[in-house]
Enquirer: 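Take this structure, written in structure tokens, and hold onto it; I'll ask about it next.
Quick caveat: nothing in here was measured; it's all calculated off a predicted structure.
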Amino acid sequence: MRRDAPLEEQIKVERVDVLSGVTVGELADKLGVPGAALVKKLFEMGEMATVQQTLPDDTVEILGADLGVDVHFLSEEELEFGIESPDDPTTLTWRPPVITVMGHVDHGKTKLLDAIRQTDVVAGEAGGITQHIGAYQITKDDRRITFIDTPGHEAFTAMRARGAQVTDVAILVVAADDGVMPQTKEAIDHAKAAEVPVVVAVNKMDVEGADPVRVKTQLTEHGLVAEDLGGDVPMVEVSALRGLGLDELLEVVLLQADLLELQANPNKQARGRIVEANLDRGRGPVATLLVQGGTLKRGDVLVAGTADGRIRAMFDENGQEVTEAEPARPVQVLGLNQVPEAGDEFRVVSTERVARDVAERRSARDRRKELAERRPTTLEELTSAVQAGDKVTLNVIIKADVSGSAEALEDALVKLELDEVQVRVISKGVGAITQGDVRLAEASDAIIVAFNVRPGANARDEIERSGVDVRTYSIIYEAIEDIERAVKGLLAPEYREEVVGEAEVREVFKVPKAFVFGCMVTKGELKRDAGVRVIREGVVVAEDRIASLRRFKDDVREVREGFECGVGLARFQDVKEGDFFEAYETVEVERA
């Protein structure tokens, strides 16, 4: 094949397997072409890239389609461990079902879980101290059932989005006196999306006004038709408070499990999912694992996401130390080097070296992928997206001088009636902009709207590094108008404030009819007649003008960084030692 032949003719493969965050050079190797040829192709497509640069997934897909190559993105598990072949049927044994309880916030989900747990005689006889580990097992008619206590539908959805199909059956709790509520509908949607069978527990049957018929009728409108109405959804009337109907509910759950014919191979290296994890001050990273295949043993080495380690100790839901956990068994483990994420798959590997290598490669890929896809949002980019006809979400972080201002600003932004843009406030707080605020904005592609507050020194460095868009205002309606103008494609102010200098107030002197403030210029320069803000602990306490500027006994027009000076303000006199002056000018800004 000639080297000057079109790139499409040089490629001899029909499909390539790649990871998210692949570089141009790695993709070129997979395609069997020079990296420079791929860089040229990307340039023709309007993408500027180098051989070492990481490509966003959508760019890789478009490039593959253009070259006639099917691109398949491997999961980390497929890359590290290969595509797992099905277990030999002769190695399979029956395993307990895994149940998730879902429902509206006040319909008794937690009370039902507690009541079911108290029916377990075996657990009661164990005499252990019950502790929350996010999952537990009970025994009913000599058969075990695993319950996962998820903190909410969002967590359930997040785990499912990460490929964590851990649930076999969902119990939907609906209060008999309340009926179907908004979160009930969410739970139904999540259960349907996960394609798991649903058992409805009509709770609070002991409460006055309980109407199970109304509940069944309402559920029919959402696609859940009770068996006694000709459908296929079992519905059991229970009272978690009085312990009524629980045996029947568990029997129905076991019947559903029998229909699913749940099996697993216990005689292999364990694998499963992280149910929840946290950092314990005394014990370090603590993770609750649900074993899905194989048998997990104390002393095993495992890798979960970017975390790895050797299991030092393993506990059940009663706080009793155990030495192994078979399929569908939840256990809490100690020994990981960091906190994994809920939904991460864990795998047992042969040595600590293997686990560490896998975790480090994953960390490196995550960083590369983040760099490839990080595109800080600005109001100018929002304007471009709207003009292009895209429906976009603008994430906003609000920081203000007082909570009332933050609430008012959030209320005004959320109430903006905009067809093109949905404004979403992801965080609001009081006080100076912190490094954490900037990092949150960077991670969530948000802009920071600041009302009468400024960033601290560390936050300023972080803003410069990350390119996060920080908008500062002293009048609420100006913030609203800015975003409205951006949405309407009119964000083109002719002037913008530019901070020209900062100074720390170190002494306050009384002179006839006024005060003079002894300052050290810490950044830039102070200029006479410049606008100035008085900042106290990150909050703007006044806006004024520099009326006089002196070096020793001489009047001067400006004082540069590293020099001391005396500053007189036009109006505001209540300045204290330790305050900062932020000097600014209004400058004309050209926009592309």
Side-chain angles (χ1 to χ4, degrees), residues 96-124 130-141 143-156 166-188 190-191 194 196-212 214-216 218-219 222 224 226-227 233-257 275-276 288 290 317-318 328 330:
V98 180
I99 314 300
T100 298
V101 181
M102 308 172 76
H104 190 68
V105 64
D106 294 322
H107 284 192
K109 177 174 80 95
T110 303
K111 278 191 172 63
L112 181 64
L113 282 162
D114 291 342
I116 288 172
R117 195 162 179 174
Q118 288 166 12
T119 64
D120 185 8
V121 179
V122 175
T130 298
Q131 60 185 38
H132 178 75
I133 70 167
Y136 62 84
Q137 271 192 349
I138 68 156
T139 301
K140 166 70 176 171
D141 298 336
R143 295 179 61 184
R144 285 174 298 150
I145 307 173
T146 298
F147 285 89
I148 294 181
D149 181 11
T150 57
H153 305 148
E154 294 80 7
F156 182 87
V166 298
T167 303
D168 300 315
V169 179
I171 294 179
L172 177 66
V173 182
V174 187
D177 62 334
D178 210 7
V180 173
M181 299 296 284
Q183 283 181 304
T184 316
K185 298 172 187 173
E186 286 179 22
I188 293 169
H190 293 317
V196 296
V198 175
V199 174
V200 176
V202 184
N203 192 25
K204 300 190 180 182
M205 285 301 297
D206 57 310
V207 176
E208 185 178 347
D211 188 353
R214 180 169 68 98
V215 171
K216 292 177 182 179
Q218 289 177 335
L219 287 171
H222 297 282
L224 297 182
E227 290 176 332
V233 178
M235 297 195 186
V236 183
E237 297 174 9
V238 302
S239 168
L241 193 62
R242 300 199 177 186
L244 304 176
L246 300 185
D247 282 342
E248 184 185 350
L249 178 64
L250 295 177
E251 286 168 5
V252 170
V253 166
L254 287 172
L255 180 61
Q256 290 291 316
V275 174
E276 67 177 29
T288 299
L290 179 71
E317 64 274 10
N318 298 310

Enquirer: Compare every heavy atom of V233 with every heavy atom of V200, then report the nearest pair and how far apart it is.
Expert: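 The pair with the smallest heavy-atom distance is CG2-CG1, 3.9 Å.
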Enquirer: To the nearest 0.5 Å, how far apart are CG in L254 and CG in L249?
Expert: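 If we round to the nearest 0.5 Å, L254:CG and L249:CG are 10.0 Å apart.
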Enquirer: Can you see which heavy atom on S239 is nearest to which on D206, and at what distance?
Expert: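 So the minimum-distance heavy-atom pair works out to OG-OD1, 3.0 Å.
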Enquirer: Among V199, T146, V169, exactly one meets side-chain contact (heavy atoms from CB on, under 4.5 Å) together with I99. Which residue is that?
Expert: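 Output: one option passes, namely V169.
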Enquirer: Of the non-hydrogen atoms in A176 and M205, which two are nearest, and what is the gap between them?
Expert: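 That would be CB-SD, 3.7 Å.
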Enquirer: Please name the pair of heavy atoms, one in P234 and one in V198, separated by the smallest distance, quoted to 0.1 Å.
Expert: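 Shortest heavy-atom separation between P234 and V198 comes out as CD-O, 3.6 Å.
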Enquirer: Checking the side chain of Q218 only, and the main-chain atoms of V180 only, is there a donor and an acceptor separated by less than 3.5 Å?
Expert: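 The answer is yes, because a donor-acceptor pair under 3.5 Å joins these two groups.
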Enquirer: Within the side chain of E317, is there an N or O that forms a donor-acceptor pair under 3.5 Å with the backbone of Q137?
Expert: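 Yes.
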Enquirer: L172 vs L224, test: side-chain contact (heavy atoms from CB on, under 4.5 Å). Steps then yes/no.
Expert: CA-CA 11 Å; L172 177 66; L224 297 182; 3.8 Å; yes
Enquirer: To the closest 0.5 Å, what do you measure between CZ (R143) and CG (L250)?
Expert: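 Answer for the CZ-CG pair, R143 versus L250, is 11.5 Å.
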Enquirer: Rounded to the nearest 0.5 Å, how far does CG of L241 lie from NZ of K204?
Expert: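 The NZ atom of K204 sits 9.5 Å away from the CG atom of L241.
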Enquirer: Shortest non-hydrogen contact from A201 to L112?
Expert: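 Closest approach of A201 to L112: CB-CD2, 4.2 Å.
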Enquirer: Does E237 reach the side chain of E248, with side-chain heavy atoms less than 4.5 Å apart?
Expert: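 When only atoms from C-beta onward are counted, E248 and E237 do not touch, as no gap falls below 4.5 Å.
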Enquirer: Where do A328 and P96 come nearest, in terms of heavy atoms and distance?
Expert: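 Smallest heavy-atom distance, with atoms named: CB-O, 3.4 Å.
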Enquirer: Could you walk me through whether M235 and L219 satisfy the side-chain contact (heavy atoms from CB on, under 4.5 Å) test, starting with their C-alpha distance in whole Å, then the side-chain angles of each, then the deciding distance to 0.1 Å, before giving a yes or no?
Expert: CA-CA 10 Å; M235 297 195 186; L219 287 171; 3.6 Å; yes
Enquirer: Determine yes or no for a side-chain-to-main-chain donor-acceptor pair under 3.5 angstrom, with N203 supplying the side chain and A240 the backbone.
Expert: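 Pair found, side chain donor or acceptor close to backbone of A240.
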Enquirer: Testing V98, I138, T100 for side-chain contact (heavy atoms from CB on, under 4.5 Å) with F147, which one passes?
Expert: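 The side-chain contact (heavy atoms from CB on, under 4.5 Å) with F147 is passed solely by I138 among V98, I138, T100.
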